[in-house]
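The block underneath contains the structure these notes are about, expressed in structure tokens.
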Amino acid sequence: MITSNMKNYERYLFNDDFSDAFNYLINEDLINIPHGKHQVTDNVHIIRSSYNTLKQGETFWEAHEQYIDLQFIIKGEERIAYAPICHLTEVVYNQENDLKVLKGKVSSFIHLIENDFAIFFPEDAHMPGLNSSDYSKEVDKIVVKIKI
């Protein structure tokens with residue numbers, strides 16, 4: 001897992017797909033992109049969403065085998081729980097949606113605010129959308145899916 005702010009994005013241009021992902025985040029008018037899934041390149045697509053954060057226990061662990069998640073906060077803030085998948089138990093894997101659901105204890109939390117991002121690799125279980133304080137907040141977010 002990597003977490004940083006967009007001012008540091010150049011450190012994470014690992015290959016052409018990461019370059020395409022970050023160029024999209026930098027050059028597009030993100031606030032005006034319709035909600036839903038949008039193809040960027042053959043190996044990169046985005047999912048634009050808005051939601052209210054939840055209490056821990058109201059959401060679930062997830063991980064992915066076919067894609068790396070680059071989660072970027074347009075507006076708002078959230079906490080994301082993190083644990084290596086080797087510390088968790090797999091409940092189910094839906095190959096069609098590339099969604100691995102897991103259960104287990106939190107290893108740590110990250111707190112993302114506007115212009116922050118986190119990169120989750122296949123070994124990184126994450127539980128996004130958690131309250132960053134005692135109450136729910138609205139989050140406007142883009143998840144970039146980078147094919148492995």
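Along the sequence shown, the residues carry numbers beginning at 1. It should be emphasised that the depicted structure is a prediction, and the values quoted were computed from it without experimental measurement.
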Is [Y] close to [X] at the side-chain level, that is, under 4.5 Å between some pair of heavy atoms?
X	Y	value
Ile68	Phe18	yes
Ile73	Ile113	no
His87	Lys105	no
Ile2	Tyr12	yes
Glu62	Leu102	no
Ile74	Ile31	yes
Ile85	Asp124	no
Phe117	Ser4	yes

Are any side-chain N or O atoms of [X] and backbone N or O atoms of [Y], one a donor and one an acceptor, separated by less than 3.5 Å?
X	Y	answer
Arg48	Pro34	no
Gln71	Val143	no
Trp61	Gly104	yes
Gln39	Thr41	yes
Thr3	Leu112	no
Asn131	Leu54	yes
Asn97	Leu99	no

task = Verify whether the ring centers belonging to Phe121 and His64 lie closer than 6.0 Å.
result =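 Here the rings of His64 and Phe121 have centres that are no less than 6.0 Å from each other.
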inquiry  = So that I know where these two stand, are Phe120 and His126 an aromatic pair - ring centroids less than 6.0 Å apart?
reply    =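 Yes, close enough.
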query = Hey, mind stepping through Ile47 and His45 against side-chain contact (heavy atoms from CB on, under 4.5 Å) and telling me if it holds?
reply = CA-CA 7 Å; Ile47 302 168; His45 68 269; 4.3 Å; yes
Please check if the number of heavy atoms outside [X] that lie under 6.0 Å from its [atom1] is greater than 12.
X	atom1	answer
Lys37	NZ	no
Asp134	CG	no
Gln95	CD	no
Asn15	CG	yes

Return yes if a side-chain donor-acceptor contact under 3.5 Å exists between [X] and [Y], otherwise no.
X	Y	answer
Asn23	Asp20	no
Asn5	Asp116	yes
Asp140	Tyr51	no

ask   = What's the verdict on side-chain contact (heavy atoms from CB on, under 4.5 Å) for Lys55 and Leu130, showing C-alpha distance, side-chain angles and the deciding distance?
value = CA-CA 6 Å; Lys55 295 177 187 174; Leu130 298 173; over 6 Å; no
Say you draw a straight line from [atom1] of [X] to [atom2] of [Y]; how long is it, rounded to the nearest 0.5 Å?
X	Y	atom1	atom2	answer
Ile26	Tyr9	CD1	OH	3.5 Å
Phe109	Ser132	CZ	OG	12.0 Å
Arg79	Ser133	CZ	OG	9.5 Å

request  = Give me the one residue out of Val40, Ile46, Leu70 that meets side chain to side chain contact (heavy atoms under 4.5 Å, CB included) with Leu25.
outcome  =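 Single pass found, and it is Leu70.
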request  = For side-chain contact (heavy atoms from CB on, under 4.5 Å), just list the numbers for Phe22 and Leu13, CA-CA rounded to whole Å, side-chain angles, deciding distance to a tenth of an Å, and then say yes or no.
outcome  = CA-CA 8 Å; Phe22 280 111; Leu13 303 177; 3.8 Å; yes
Hydrophobic cluster membership, with links at side-chain heavy-atom distances under 4.5 Å among I/L/V/M/F/W/Y: are [X] and [Y] in one?
X	Y	answer
Val106	Phe60	no
Phe72	Ile110	no
Met127	Tyr82	no
Ile146	Ile148	yes

message = Working note: Thr53 + Glu78, criterion side-chain hydrogen bond (donor to acceptor under 3.5 Å, both in side chains); need CA distance, chi angles, decisive distance, verdict.
response = CA-CA 7 Å; Thr53 58; Glu78 72 178 357; over 6 Å; no
query = Of the options Lys145, Lys141, Lys100, Lys147, which is the one that meets Asp69 in a salt bridge (Lys or Arg N to Asp or Glu O under 4.0 Å)?
reply =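 Of all the options given, the one that passes is Lys145.
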For Ala63 against Ala125, the heavy-atom pair lying closest together =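 In this case the closest contact between Ala63 and Ala125 is CB-CA, 4.2 Å.
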query = What's the verdict on side-chain contact (heavy atoms from CB on, under 4.5 Å) for Val139 and Asn52, showing C-alpha distance, side-chain angles and the deciding distance?
reply = CA-CA 6 Å; Val139 175; Asn52 291 318; over 6 Å; no
